Every structure is written in structure tokens, then in C-alpha cells.
Amino acid sequence: VCVVSLVGFVMLCISYQPDEKTCVQFTVKLMYFLLSALGLVACILAVAFAAHHYLQMTKFTCDTILESCQCKLDTADPLGRTFIYQDAADCGSLTSMLNLYLLLQMVLNLIAALVCLSACFVMWKHRYQVFYVGVRFYPLTATEGQQQKV
């Protein structure tokens, strides 16, 4: 997302030529669109992974053992994965802070995804804003030189 914003600033510095007559302008616009699309996918994946970790964190059972917080997903499973957080005396505050951090990460990545989506939309609309639906063979009103004879 940072690279997309840097390319956007470079695009602002390039003098605009109508109909993309310069190769540099076309290349920067194409790079901006592709990086925006890649940023959109990356941000959506980051939201999905943060949501997955948040759902796992809500199901944790945590105990404080020797100044460390040990959390398990399933306490009945002896082979279940144990997450150990060193130097954490209070497991309740640790899990609440991690949950808050994951929620904040989901919101910020969702905002970044919406910004990347809007950048893609604006670039697409700027390039293809004219939709051709066909060719009109006869003008709606006849001009003076083209008066129809009766």
C-alpha cells in the first residue's frame, strides 16, 4: 500500500498529456492500477487472517504459570497446541489487548482495502468512462446542408 501511494505521488509529478501520449505516463498509470489491485488483494487477505486469529483468541483458555501466560484452544486435548506468552503476569489483560489489536488491524486493513478499491475504480473509470453502444447512422436533426428533399 505504501508503494502504491509512492507511485501515486510520482504520477502527480508527471505532466499530464491527453490520451496517454507519453510512454512514461502510460507505464506509471498501469503500474499504479496493478499495484492498487495487488494491494486490495493483500489487504483483504490480511483482514481474513486477522479475523481467523481473532476467532481463535476468543476460544482460548489461558492460565498464568511462572510469570508466563499459557493459552490452549482445547484444554481436553493433551496434544493441542499451546501458546506461551513470556513475561505476562495477567492473562486477562493480555488476551483483551491482543483482541483489541486484532480488531484494530482488521479495521485498518479494511480501510486500506477500500482505498485501493477506490483507486482501481477511479483509474478504470478514467480510462473507460465512455461506453460505446453503437453507431448512429442518421443525425437526430438535419443540418442546413443536408435538408431532405420531399
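Note that this is a predicted model, so its numbers are computed, not measured.
- Taking 4.5 Å as the limit, every side-chain heavy atom of Ser68 sits out of range of all side-chain heavy atoms of Tyr85.
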Subject >> Residue pair Cys71, Cys62: steps toward the disulfide bond (SG atoms under 2.5 Å apart) verdict >> reply: CA-CA 4 Å; Cys71 299; Cys62 298; 2.1 Å; yes
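- Atom SG of Cys43 and atom CG of Leu38 lie 9.5 Å apart (nearest 0.5 Å).
- If you run side-chain contact (heavy atoms from CB on, under 4.5 Å) between Gln105 and each of Leu108, Asn109, Val107, only Asn109 comes through.
- Here the CG-OG1 distance, from Leu102 to Thr95, works out to 11.0 Å after rounding to the nearest 0.5 Å.
- For the atom pair Asp90 CG and Ser96 OG, the distance stands at 8.0 Å (nearest 0.5 Å).
- Rounding to the nearest 0.5 Å gives a distance of 12.5 Å between CG of Leu35 and CG of Leu40.
- Note: Leu94 CG to Asp87 CG = 11.0 Å, rounded to the nearest 0.5 Å.
- The hydrophobic clustering, which links ILVMFWY residues whose side-chain heavy atoms are closer than 4.5 Å, places Val10 and Phe33 together.
- Tyr54 and Leu104 are assigned to two separate hydrophobic clusters, defined by single-linkage of ILVMFWY side chains at heavy-atom distances under 4.5 Å.
- Residues Gln70 and Ile65 approach most closely at OE1-CD1, 3.4 Å, considering heavy atoms.
- Other residues, nucleotides and ligands contribute over 12 non-hydrogen atoms within 6.0 Å of the CZ atom of Phe83.
- Taking hydrophobic clusters as Ile, Leu, Val, Met, Phe, Trp and Tyr residues chained together by side-chain heavy-atom distances below 4.5 Å, Tyr32 shares a cluster with Leu30.
- Taken from NZ in Lys72 to OG1 in Thr61, the straight-line distance is 10.0 Å, to the nearest 0.5 Å.
- Val115 is not connected to Leu110 by any chain of hydrophobic side-chain contacts under 4.5 Å among Ile, Leu, Val, Met, Phe, Trp and Tyr, and they are in different clusters.
- The two residues Cys120 and Ala37 have their closest heavy-atom pair at SG-N, 3.4 Å.
- Taken together through direct or relayed side-chain contacts under 4.5 Å among Ile, Leu, Val, Met, Phe, Trp and Tyr, Val4 and Ile111 form parts of separate hydrophobic clusters.
- The side-chain heavy atoms of Phe60 and Met57, taken from C-beta on, include a pair separated by under 4.5 Å.
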